[in-house]
Number of protein chains: 2
Amino acid sequence: MYAVDATAALFVQRWNEAAGLPLGDCPVRGVLDRISDKWSMLLVMTLADAPKRFNQLRREVPDISQKMLTQTLRTLQRDGMVARQVFDTKPPAVEYRLTPLGQSIIVPVGYLIDWASKNHPRIDQARVAFDAAA
Amino acid sequence: MYAVDATAALFVQRWNEAAGLPLGDCPVRGVLDRISDKWSMLLVMTLADAPKRFNQLRREVPDISQKMLTQTLRTLQRDGMVARQVFDTKPPAVEYRLTPLGQSIIVPVGYLIDWASKNHPRIDQARVAFDAAA
DNA sequence: CTGCATCCTGGAAGATACTG
DNA sequence: CAGTATCTTCCAGGATGCAG
């Protein structure tokens with residue numbers, strides 16, 4: 001055991017319960033896998049402040065290919081995180097917006113982002129030290 | 001804009017600042033990428049309650065290959081999240097434990113796990129509905 | 001027990017071209 | 001503008017065998 005704070009201990013306990021499930025039935029594994037794909041969370045955060053259109057997303061995430069943009073948006077839509085609204089104008093416009101479910105993940109992902117921005121210098125330091133030792 | 005709560009709005013604002021950075025310089029992207037690999041967070045959570053040895057980890061995460069276990073542990077060690085301690089016994093024993101940095105990520109990841117366990121039924125529903133519509 | 005070395009494959013992702 | 005279709009590349013990850 002370590003000395004961990006109460007919040008961490010609670011999460012660890014929940015995790016241990018979840019981790020005991022058969023692999024296919026562990027909902028956490030499934031969600032972590034989804035989050036873990038290269039673009040999903042990036043798009044969720046890019047849509048976090050306002051709904052956006054297809055090419056607007058391409059501009060704001062310049063290093064995503066249009067194929068992966070389409071594909072990731074479809075997956076997010078299928079998972080109920082993003083809603084797709086077509087405007088029947090000429091030329092057609094398509095707007096993507098977070099659903100309430102999609103919005104609800106902003107906070108937990110936000111904590112991770114917060115952790116990242118606070119601790120990435122430590123990670124960088126650790127890497128330099130590790131590589132120097134090797 | 002959506003109507004989002006204050007916490008979410010704060011995280012969105014921070015994200016937008018981070019997202020403005022050149023891609024290589026965005027610390028958040030880097031950390032999301034690390035988290036996004038298949039096994040890192042799984043191992044962190046498995047080590048969250050107590051230090052463990054190599055084959056103990058194999059048993060607790062039965063579907064990880066030994067190659068990926070070694071590889072992921074090395075990466076976590078390099079990033080300063082995990083410490084590796086060798087006991088000079090016969091046969092040799094090696095113990096892996098979370099560093100303070102590694103422990104500090106339990107809480108933000110925990111929020112995500114919490115979100116996952118609460119919302120995975122909604123995601124499942126959404127998928128069924130989406131597939132039925134198609 | 002704790003690994004490293006090698007080989008190999010599936011699927012993720014990129015590039016390019018075309019369309020309503 | 002918002003996609004689809006196809007081809008190709010690339011590498012994470014699995015399988016297996018060996019070693020200190």
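Letters A, B, ... mirror the listed sequences (proteins, then strands); counts begin at 1.
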Does the side chain of B:M68 reach to within under 4.5 Å of the side chain of B:K38, using non-hydrogen atoms?
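B:M68 does not reach B:K38 side chain to side chain.
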Value in whole Å for how far the [atom2] atom of [N] lies from [atom1] of [X]:
| X | N | atom1 | atom2 | result |
| --- | --- | --- | --- | --- |
| A:K67 | D:dG3 | NZ | P | 16 Å |
| A:L69 | C:dA15 | CG | C1' | 16 Å |
| A:Q85 | D:dA2 | CD | P | 13 Å |
| B:R58 | D:dA15 | CZ | C1' | 12 Å |
| A:I64 | D:dA2 | CD1 | P | 15 Å |
| A:Q66 | D:dC1 | CD | C1' | 12 Å |
| A:Q71 | C:dA13 | CD | P | 7 Å |
| A:L73 | D:dG3 | CG | P | 8 Å |

So, [X] and [Y], do they make that salt bridge, N to O below 4.0 Å?
| X | Y | answer |
| --- | --- | --- |
| A:R29 | A:D33 | no |
| A:D131 | A:R127 | no |
| A:K52 | A:E95 | no |

Examine [N]: is either OP1 or OP2 under 4.0 Å from a nitrogen or oxygen in the side chain of [X]? Give yes or no.
| X | N | result |
| --- | --- | --- |
| A:R59 | D:dA2 | no |
| B:R74 | C:dT2 | no |
| B:R53 | C:dC1 | no |
| B:Y96 | C:dC1 | no |

Could you pick out which residue, B:P91 or A:M68, lies toward the 5' side of DNA chain C when each is mapped onto its nearest nucleotide?
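Its nearest nucleotide lies further toward 5', so the answer is B:P91.
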Want to settle it: does A:K38 or A:P92 sit nearer the 5' end of DNA chain C, counting the closest nucleotide to each?
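The residue whose closest nucleotide sits nearer the 5' end is A:K38.
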Inter-residue atom distance B:L101.CG - A:I123.CD1, 0.5 Å rounding:
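Rounded to the nearest 0.5 Å, the CG-CD1 separation comes to 5.5 Å.
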Let's see if you can work this out: which of D:dG14, D:dG3, C:dT2 has an atom nearest to the side-chain heavy atoms of B:V94?
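Nearest to the side chain of B:V94 among the choices is C:dT2.
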